[in-house]
Amino acid sequence: MRSHKTSNYRPDIDGIRAIAVLSVIAFHAFPSLVPGGFVGVDIFFVISGFLITQIIVAELDNGNFRIRNFYSRRIRRIIPSLLIALLVALILGWVLLLPEDFSQFGSVLAGSSVFITNFVLFAQVNYFDAAAVEKPLLHLWSLSIEEQFYIFWPIILIAIYKLRRFAFAIASILLLASFGYAYAIHGSHEELAFYSPLPRFWELLIGGVLAFIYLHHKKKLDLLHRFSVLSQVGSLVSLLLIVYSLFKTSTEQNLRAVTIGVVGSAGLILFGYANPYVSRMVGNPISTWGYRDWE
């Protein structure tokens with residue numbers, strides 16, 4: 001909600017979010033022009049992990065974090081829009097789909113209402129499974145993974161916060177474990193790597209680790225102001241990595257594309273902290289219009 005918006009608003013992050021959203025739309029509309037546009041979902045995961053972790057950790061620092069309030073805010077933010085989308089999809093599905101297809105669609109619809117769309121879609125993967133383009137609610141797999149992460153992440157943060165000196169290290173270990181698992185299964189279990197939350201959590205966790213740096217290691221970040229060339233080069237390289245992932249990779253290079261895009265977006269968040277030029281370019285009024293609501 002707006003009352004939880006950080007006072008240190010960074011328009012460049014909303015600009016990166018705009019890039020993520022537009023790249024996904026472009027991927028579906030013009031897949032040959034933006035063959036790696038699907039990476040926008042993964043870039044969005046990084047942003048989400050950074051912003052939400054920043055809010056939780058800041059409230060933990062102040063001693064006013066309440067897990068019930070956190071879940072309440074998530075419900076109020078997501079459920080109304082989700083229910084409208086599901087209702088419209090249900091009406092259109094009833095009119096347009098054949099009975100057998102509507103039955104399969106109904107399972108996904110039910111799963112979407114409780115944020116397990118990814119598990120339902122994974123269970124439907126078989127030789128006779130409908131093509132992805134024929135699944136109206138396929139896009140909700142990412143929302144399910146995001147919300148599954150936020151079921152456990154606040155609880156983990158509360159636990160590791162008691163070991164504050166080691167919180168950053170523990171979060172980093174969790175990130176590396178998820179990342180390693182993703183690379184271990186991506187070649188032999190592609191469907192599992194796509195739909196399972198565990199090989200996706202590292203993308204949200206890298207944002208979470210950035211939030212720890214942003215809140216608890218400001219002195220180290222301030223060095224980027226002293227060495228402005230480093231922040232400028234880092235921002236430029238990060239932006240080029242995002243562009244490369246969107247335009248020079250494809251679905252056949254899924255994990256490679258995701259890794260490049262995630263690293264690029266994380267770098268842009270990190271180096272953009274001290275780079276007003278990139279911040280103004282990425283966070284221009286057009287790309288940030290309608291945002292500034294981070295919770």
Side-chain angles (χ1 to χ4, degrees), residues 16-17 19-28 30-50 53 116-126 129 131-133 135 138-150 152-153 171-210 234 237-270:
I16 301 169
R17 178 158 54 180
I19 293 172
V21 173
L22 291 174
S23 65
V24 173
I25 294 173
F27 172 71
H28 289 288
F30 312 102
S32 60
L33 296 179
V34 193
F38 61 91
V39 175
V41 173
D42 308 281
I43 294 174
F44 191 88
F45 281 163
V46 177
I47 298 169
S48 177
F50 173 73
T53 302
I116 58 170
T117 312
N118 53 323
F119 292 121
V120 175
L121 290 169
F122 178 69
Q124 292 179 354
V125 173
N126 58 66
D129 188 25
V133 71
K135 295 184 176 183
L138 176 68
H139 61 288
L140 291 179
W141 70 266
S142 60
L143 177 61
S144 294
I145 286 179
E146 185 180 21
E147 295 313 307
Q148 287 158 18
F149 177 78
Y150 290 126
F152 300 105
W153 185 229
S172 299
I173 290 171
L174 292 174
L175 186 163
L176 292 174
S178 174
F179 182 70
Y181 180 56
Y183 264 83
I185 67 172
H186 84 281
S188 55
H189 300 85
E190 293 183 6
E191 293 84 4
L192 181 64
F194 185 86
Y195 288 119
S196 174
L198 294 180
R200 293 280 186 175
F201 279 173
W202 71 274
E203 301 166 27
L204 290 137
L205 284 166
I206 198 169
V209 167
L210 284 173
V237 171
S238 299
L239 188 59
L240 290 175
L241 287 175
I242 293 176
V243 172
Y244 182 88
S245 70
L246 298 179
F247 293 97
K248 294 297 183 179
T249 57
S250 65
T251 53
E252 287 74 24
Q253 303 166 306
N254 186 288
L255 193 54
R256 174 191 173 193
V258 167
T259 303
I260 294 172
V262 165
V263 170
S265 58
L268 207 54
I269 292 172
L270 177 64

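Please read these numbers as outputs of a predicted model, since none were measured by experiment.
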**Fill in**
In terms of heavy-atom contacts, T249 and A257 come closest through OG1-CB, 3.2 Å
**Message:** Could you report the tightest heavy-atom contact between I206 and A266, atom names first, then the distance?
**Reply:** CD1-CB, 4.0 Å
**Request:** Could you name each residue pair satisfying salt bridge (Lys or Arg N to Asp or Glu O under 4.0 Å) that touches residues 198-207, not counting sequence neighbours?
**Result:** D42-R200, R200-E203
Review item, side-chain donor-acceptor pairs of residues 19-26, under 3.5 Å, at least two apart:
| residue | atom | partner | partner atom | Å |
| --- | --- | --- | --- | --- |
| S23 | OG | I19 | O | 3.1 |
| S23 | OG | A20 | O | 2.8 |
| S23 | OG | G37 | O | 3.4 |

**Asked** Which distance, rounded to the nearest 0.5 Å, do you find between the CD1 of I16 and the CD1 of I43?
**Response** 8.5 Å
**Fill in**
Interatomic distance, CG@L270 vs CZ@F50, rounded to 0.5 Å, equals 9.0 Å
**Residue pair V262 / F45, side-chain heavy-atom distance below 4.5 Å** = no
**Fill in**
With sequence neighbours left out, the residues meeting side chain to side chain donor-acceptor pair (under 3.5 Å) with S245 are none
**Taking every non-hydrogen atom, the tightest pair across S238 and G264** = CB-O, 3.2 Å
**Message:** Taking side chain to side chain contact (heavy atoms under 4.5 Å, CB included) as the definition, give me every residue that meets it alongside V209, ordered by chain and number, with sequence neighbours left out.
**Reply:** F168, A171, S172, L175, I213
**Message:** Could you measure the distance from the CG atom of L174 to the CG atom of L205? Nearest 0.5 Å is fine.
**Reply:** 6.0 Å
**Item:** Inter-residue atom distance L192.CG - N118.CG, 0.5 Å rounding
**Value:** 10.5 Å
**Request:** For residues V41 and S142, report the shortest heavy-atom separation together with the two atoms involved.
**Result:** CG1-CB, 3.6 Å
**Request:** For S144, enumerate each residue passing the side chain to side chain donor-acceptor pair (under 3.5 Å) test, keeping only those at least two apart in sequence or located in another chain.
**Result:** T117
**Request:** Kindly write out the residues that satisfy ring-ring contact (aromatic ring centres under 6.0 Å, His included) with F44, not counting sequence neighbours, or none if the list is empty.
**Result:** none
**Rounded distance [0.5 Å steps], CD1 in I145 versus CD1 in I116** = 13.0 Å
**Prompt:** Can you name the residues that form a side chain to side chain donor-acceptor pair (under 3.5 Å) with Y181, not counting sequence neighbours?
**Reply:** none
**side chain to side chain donor-acceptor pair (under 3.5 Å) against S250, all qualifying residues, sequence neighbours excluded** = E252
**For E190, all residues meeting side chain to side chain contact (heavy atoms under 4.5 Å, CB included), sequence neighbours excluded** = none
**Request:** Report the residues that fulfil side chain to side chain contact (heavy atoms under 4.5 Å, CB included) with L241, sequence neighbours left out, ordered by chain and then residue number.
**Result:** V237, I260, V263
**Request:** Please work out whether the ring planes of Y195 and W141 are parallel, tilted or perpendicular, with thresholds of 30° and 60°.
**Result:** perpendicular
**Prompt:** Which side-chain hydrogen bond (donor to acceptor under 3.5 Å, both in side chains) pairs, counting each pair once, include a residue from residues 256-265, with sequence neighbours left out?
**Reply:** Y183-T259, Y244-R256
**Message:** Taking side chain to side chain contact (heavy atoms under 4.5 Å, CB included) as the definition, give me every residue that meets it alongside S178, ordered by chain and number, with sequence neighbours left out.
**Reply:** F201, W202
**Prompt:** Roughly how far, to the nearest 0.5 Å, is the OH atom of Y150 from the OG atom of S48?
**Reply:** 2.5 Å
